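See structure below.
Just so you know, these numbers come straight off a predicted model, no measurement behind them. Lettering follows sequence order; numbering is per chain, from 1.
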Number of protein chains: 2
Amino acid sequence: MWDNSRNIRVIIVDDHPLVIEGIKNVIQGNDGLELVGQFGSAKALSDCLGMIEVDLVLLDITLPDGNGISICKELKKSYPDLVIIALSNLSERSIIKQMLQSGASGYLLKTADPCDILNCMQDALNGKITLSSELKENFDMAVLSEPEEIPELTIREKQILQLLAAGKTSAEIAADLFISPLTVKTHRATLLHKFETGNILTAVNKARESGIIPR
Amino acid sequence: MWDNSRNIRVIIVDDHPLVIEGIKNVIQGNDGLELVGQFGSAKALSDCLGMIEVDLVLLDITLPDGNGISICKELKKSYPDLVIIALSNLSERSIIKQMLQSGASGYLLKTADPCDILNCMQDALNGKITLSSELKENFDMAVLSEPEEIPELTIREKQILQLLAAGKTSAEIAADLFISPLTVKTHRATLLHKFETGNILTAVNKARESGIIPR
DNA sequence: TCAAAAATACTCCTTAAGGAGTATTGCTCC
DNA sequence: GGAGCAATACTCCTTAAGGAGTATTTTTGA
């Protein structure tokens, strides 16, 4: 099944010990695969990478200390040959797109079964871009390969969007930030433009979908 | 550590094979515990319960075919002595409250480590109500024991709330449902009353928090 | 240091949402 | 079969949000 010359060295990064235990079971039951590291945070990973030889990283994208998209980008910059497979509960189109465009070779849902996981790992090592089977049914690979148009927000805009998402009115936000309600109106209008919509709730939904603001 | 007279019979219900593998590892490494069943859906569980003897159920609350709160209530009605521990990624106060008030003896985050999980299982079997340690730090048990005031919505109200949550305006909803925009206004007003707020975004946030509408 | 980008603040106007009622028609359950 | 709830629809009024501009002051990066 795997390249026989030597074991494939795998790392798992996930803040769920149960998932790590599960991956351990899956990998240890397979000749040709070797688990050479397990980390619960992005920091723990970056502290150790470079000190160990790795072929493939299974990367949870919701870690306590960073989002998977930027972690993936950085990993790929430092180690272009590293195969990264995202491991996540999230099945939003926008997130999957961003991960694949950040250099991930695959995207696995945590609902995937061990067999599915092994298949994806094999495909990824062979240079293919893969999804877990549940995702394959729901998403078109061609669509996922298109660049995702995510509006770029300034920090002030992000801040105001978060307050709006919390259900605050323009007046309340103005009071919170010690600025004129009219300024808040301007930022709100910019947000509506950038998200190409006419109501804030839709903008908030879109922002949550693309990970701009937390859920 | 455990009652020595016989093994504690445990069942795991989770739609994530990886988590099941992880729990297997945790339980099999422990004398006194025995995994007597593993299920990926609420239906699979209810089909088999009654046919096997069980002491404790680890219950994922986000299953593909039902929500943990109602599953927990039903289990407790049929098997009052069964110890149920919720297992979830969600750490919303409202959800935890509802689970505990539905008869769960504990609430574990999936980020809990094996040791934490075993401790909670022991506490629960001893009649205590327990949380994983991360939750213990963030929530007051007294607060969690208070009944959660969740507004009861009619089906029409739920339907309209979902459309509002999707970012639709009253006019659009009226067109979708073939009713007068004024009727939508009435329902909207009722929703604001029931959620005790003055804006729909807050109502939507509260509804999502208490699981009334999906995220 | 200077131009671009970001943050601030405003006007004028339109539309949608929120607040507080009232009222009629169906169900449906005991 | 009638009380009660759900769903429907309305009025009148206030406030907040959205649309389309313009303009000044900071900040910041090249």
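Helix bend of the helix from C:dT1-D:dA30 to C:dC30-D:dG1: the angle between its two end axes, each built from five pairs, comes to 60° after rounding to 10°.
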> Taking it one step at a time, do A:Lys24 and A:Glu21 satisfy salt bridge (Lys or Arg N to Asp or Glu O under 4.0 Å)?
Replying inline: CA-CA 5 Å; A:Lys24 252 190 214 170; A:Glu21 293 298 313; 3.4 Å; yes

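Using a 4.0 Å cut-off on heavy atoms, the residues of residues 152-180 of chain A that approach DNA chain D are A:Thr169, A:Ser170, listed by number. Within residues 208-215 of chain B, no residue has any heavy atom closer than 4.0 Å to DNA chain D. Contacts of residues 181-192 of chain A with DNA chain D (heavy atom under 4.0 Å): A:Lys185, A:Arg188, A:Leu192.
B:Ser132 and B:Asp116 share no donor-acceptor pair across their side chains, judged by distance under 3.5 Å alone. No side-chain donor from either of A:Glu74 and A:Ser70 sits under 3.5 Å from a side-chain acceptor of the other. A donor-acceptor contact closer than 3.5 angstrom links the side chains of A:Glu134 and A:Thr111.
Between the A:Lys194 side chain and the A:Glu152 main chain, a donor and an acceptor come within less than 3.5 Å of each other. Not a single donor-acceptor pair under 3.5 Å links the side chain of A:Asn67 to the backbone N or O of A:Gly211. With hydrogens and angles disregarded, a donor-acceptor distance shorter than 3.5 Å links the side chain of B:Asn199 to the backbone of B:Thr202. With hydrogens and angles ignored, the 3.5 Å screen pairs a side-chain donor or acceptor of B:Ser46 with a backbone N or O of B:Lys43.
Using a 4.5 Å heavy-atom threshold, the side chains of B:Lys110 and B:Asp14 count as touching. Residues A:Leu33 and A:Val26 form no side-chain contact, since every pair of their non-hydrogen atoms from C-beta on lies 4.5 Å or further apart.
Taking the salt bridge (charged side-chain N to carboxylate O under 4.0 Å, His left out) definition, one finds that B:Arg156 meets it with nothing, sequence neighbours left out.
Taking each heavy atom of A:Asp113 and B:Pro17 in turn, the nearest pair found is CA-CG, 3.7 Å.
Bracketed by its first and final contacts, the part of DNA chain D lying under 4.0 Å from non-hydrogen atoms of chain B reaches from D:dA6 to D:dT11 in 5' to 3' order.
Put simply, CG on A:Leu58 and CD1 on A:Ile27 are 6.0 Å apart, with the number rounded to the nearest 0.5 Å. A:Leu100 contributes atom CG, which lies 10.5 Å from atom CD1 of A:Ile69 (distance to the nearest 0.5 angstrom). Note: A:Asn138 CG to A:Arg93 CZ = 12.5 Å, rounded to the nearest 0.5 Å.
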